[in-house]
Amino acid sequence: MKKNIYTETVKLLPFYLFFTILTWFVSNNIFFWDTVQLASAHAHYFFDTNFQNLLLPDNIDSGHIPAFGVYLAFIWKFFGKTLFISHFAMLPFIIGIIRQAYLLIKKFISEKYVFLALIMFLADATLLAQTTLISPDVVLVFLFLTALNSVLKKNNFLLSISVAGLFLISMRGMMAASSILVLDIIFNIKFENLKNTILQLLKKSLFYIPALFIFIIYNIYHYKVKGWVAYHEDSPWQSNFEITNLSGFIKNIGILIWRLLDFGKIFIWLAASAILLKFNKSIFKDKNIKQIGIIFIFTLLSLAVSFLLYKSLAAHRYILPVYLIFALFASYLIFEKIKPKKLKYIIFSIVLTGMLSGNFWIYPEKVAQGWDSSLTHLPYYKLRSEMLEYMRKNKISVNETASSFPNTAEFKYLDLSNDTTSFSEIDLDKNKYFFYSNIYNDLKDTEIDKLKNEFKLLKTYKSFGVFVSLYSK
């Protein structure tokens, strides 16, 4: 056993080193996008109150069990409240993702191709982007892969722990856990006769009780104290939970397809589709194809429900596990179904290049894109710092300057300083200055036009398609 772990560690060491270096490279980057609230604001509350209250204030309570904020606050208590520590607090989960991905891939793909398949698995632009952030979705992916491997290996103890972890991390974690339950039943329950099936299901349910217990107790307590669960009337996220109409549902289907193809993912879909067309129906006789296909379908169904039914729950990271399972599916097709070795490497090289190219995809300024879902966001941090320095030198006050999400939070939530300064909210009729970037999705097209027509451009910094500009009235 020890020898196997040692051998596995040696094999995975290049991946561990790469992501350790990547974490070090981004370790001065401020909190970004939804992590400002889901990580920094939550952790600040627990850190500042010394964990005296389990529940968050309503203005930052989005209905999740705030376990990630508690974790980060504990890390700050022990190691210091810095960006460096915060980023490296993610590294154990990133390493966990690598190991769990390796174990999953090894189950389906020949040993000589596991290394290449793992590269393709980890090259997903959205996964790469999330590993550069202090993000609860990194924890979610780790727990999901651990739970999936536990189902495939019938490790009920580890399954129970990882499913409980999914319930602790977020509502989407609970949805991902529902797919794990369905897969566990499909793969591990023998439907021989009614009595035996019921007995198996009762035994199986025991391993999901801790997660269910956590969910029920937390929400009963939450409702008893606050009188609401999930969201409330004054919640900043209330609109996100509005059920969409038929036209909105159809629109969401289009957005889902776009998300599945976005940031280089189209290359992996094209490769998989071409191989499937070549082998036609015969390929579905393969036992592994069936199993991976079932995993993909139920993972997609569990995470697509909220994506399709609600108005504003369509971010790329919401379906991150779906991307990864499809990468496994495509890897199996490339390395196990294509016979000529040279052709395997050619297809792999094209797909990998295409996937990595997604980190350079930048849409026109008026098209909103998921900036936390590819590495396109990396130049922003330096550009923002340069613009703040320009403002300081020219004595332009932050308080007199407006900006947009995710740049409107108090600085302490962004850079972990003690600075409670924040940019003003958007009101182009009253704003004296405007701190603008194409990374900010909140501005309407008319507001962008008004900004450029009625304001004077003072300064712009650009890098790799990202820009930060300062305007004055």
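Starting from 1, each residue takes its place in the sequence as its number. Remember, it's a predicted structure, so these values are computed and weren't measured experimentally.
Lys459 forms a cation-pi arrangement with Tyr461, by the criterion of a distance under 6.0 Å to the ring centre and an angle within 45° of the ring axis. Stacking of Lys77 on the aromatic ring of Phe47 is recorded, both the 6.0 Å distance cut-off and the 45° axial limit being met. Annotation: cation-pi pair Lys265/Tyr323 present, NZ/CZ under 6.0 Å from the ring centroid and within 45° of its normal. Judged by the 6.0 Å and 45° rule, Arg259 forms no cation-pi pair with Phe326.
Under a 4.0 Å N-O distance rule, the pair Lys11/Glu8 does not qualify as a salt bridge.
Side chain of Ser170 to backbone of Gly173: a donor-acceptor contact under 3.5 angstrom is found. Side-chain atoms of Asn245 come within 3.5 Å of backbone atoms of Gly248 as a donor-acceptor pair (strictly under, hydrogens ignored). With hydrogens and angles disregarded, no donor-acceptor distance shorter than 3.5 Å links the side chain of Asn50 to the backbone of Gln52. Side chain of Ser422 to main chain of Glu410: no donor-acceptor pair is present (N/O by atom type, distance under 3.5 Å, no hydrogens or angles). A donor-acceptor pair is defined here as one N or O able to donate and one able to accept, closer than 3.5 Å; such a pair exists between the side chain of Asp124 and the backbone of Leu127. Without hydrogens or angle criteria, Asn441 side chain to Ala368 main chain gives no donor-acceptor distance under 3.5 Å. Between the side chain of Glu400 and the backbone N or O of Tyr433 there is no donor-acceptor pair closer than 3.5 Å. Between the side chain of Lys473 and the main chain of Leu428, a donor-acceptor pair closer than 3.5 Å is present. Put simply, the side chain of Asn407 never gets that close to the backbone of Ser404: no donor and acceptor are under 3.5 Å apart. A donor-acceptor pair under 3.5 Å links the side-chain atoms of Ser40 to the main chain of Tyr413, judged by distance alone.
Here the NZ-CG distance, from Lys366 to Asp445, works out to 5.0 Å after rounding to the nearest 0.5 Å. Atom CG of Asn28 is separated from atom OH of Tyr381 by 12.0 Å, given to the nearest 0.5 angstrom. To the nearest 0.5 Å, atoms CE (Met90) and OH (Tyr71) are separated by 7.0 Å. Of the inter-residue distances, the one linking Ser27 atom OG with Leu91 atom CG reads 11.0 Å to the nearest 0.5 angstrom. In this structure, NZ on Lys450 lies 11.5 Å from CG on Leu443, to the nearest 0.5 angstrom. The OG atom of Ser135 lies 13.5 Å from the CH2 atom of Trp33; values are rounded to the nearest 0.5 Å.
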Does the pair Leu83 and Phe31 meet the rule for a side-chain contact (heavy atoms from CB on, under 4.5 Å), with working shown? CA-CA 8 Å; Leu83 291 172; Phe31 283 81; 3.9 Å; yes

Any chance you could lay out the side-chain contact (heavy atoms from CB on, under 4.5 Å) test for Arg384 and Leu414, step after step, and finish with the verdict? CA-CA 12 Å; Arg384 178 182 179 276; Leu414 298 173; 3.4 Å; yes

Residue pair Phe411, Leu388: steps toward the side-chain contact (heavy atoms from CB on, under 4.5 Å) verdict: CA-CA 12 Å; Phe411 280 25; Leu388 287 173; 4.1 Å; yes

Applying side-chain contact (heavy atoms from CB on, under 4.5 Å), run through Trp76 and Leu416 and close with a yes or a no. CA-CA 11 Å; Trp76 290 350; Leu416 303 188; 3.9 Å; yes

Run the ring pair (Phe, Tyr, Trp, His ring centres under 6.0 Å) check on Tyr436 and Phe467 step by step: do they pass? CA-CA 8 Å; Tyr436 175 60; Phe467 66 81; 5.8 Å; yes

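Residues His42 and Phe68 keep their aromatic ring centres 6.0 Å or farther apart. For Phe15 and Tyr102, the distance between ring centers is not under 6.0 angstrom.
In this structure, the side chains of Tyr208 and Leu159 come closer than 4.5 Å at one or more pairs of heavy atoms. Thr421 is listed as a side-chain neighbour of Asn399, based on a closest heavy-atom distance under 4.5 Å. Looking at Lys382 and Ser463, their side chains never come closer than 4.5 Å, going by heavy atoms from C-beta outward. The closest side-chain heavy-atom distance from Tyr380 to Ser437 is below 4.5 Å. When side chains are defined from C-beta on, Phe78 does not count as touching Ile85, because their heavy atoms never get closer than 4.5 Å. At a threshold of 4.5 Å between non-hydrogen side-chain atoms, the residues Ile325 and Leu148 count as touching. When side chains are defined from C-beta on, Ile253 counts as touching Leu308, because their heavy atoms get closer than 4.5 Å. A heavy-atom distance below 4.5 Å is found between the side chains of Met391 and Val398.
Heavy-atom neighbours of Trp24 CH2 from other residues, nucleotides or ligands within 6.0 Å: at or below the threshold of 12. The 12-atom threshold is exceeded at NZ of Lys412, counting heavy atoms of other residues, nucleotides or ligands nearer than 6.0 Å. Around the OH atom of Tyr390, the shell of radius 6.0 Å holds more than 12 heavy atoms that belong to other residues, nucleotides or ligands. The environment of Asn418 atom CG is sparse: at most 12 non-hydrogen atoms of other residues, nucleotides or ligands sit within 6.0 angstrom. More than 12 heavy atoms of other shown residues, nucleotides or ligands fall within 6.0 angstrom of atom CZ in Phe51.
Thr20 approaches Phe88 most closely through the heavy-atom pair O-CZ, 4.2 Å. Nearest heavy-atom pair, Tyr218 versus Ile65, reported as atom, atom and distance to 0.1 Å: CD2-CG1, 3.5 Å. A pairwise comparison of heavy atoms in Thr408 and Ser424 identifies CG2-O, 4.0 Å as the closest pair. Between Ala177 and Phe167, the closest heavy-atom pair is CB-CE1, 3.6 Å. Across Ala39 and Leu72, no two heavy atoms sit closer than the pair O-CD2, 3.9 Å. In terms of heavy-atom proximity, Val305 sits nearest to Leu301 at CG2-O, 3.1 Å.
The aromatic rings of Phe435 and Phe423 sit tilted relative to each other, their planes meeting at an angle between 30° and 60°.
The closest side-chain donor-acceptor pair between Tyr363 and Asp262 falls under 3.5 angstrom. In this model, no donor atom of one side chain and acceptor atom of the other lie less than 3.5 Å apart for His377 and Asn29.
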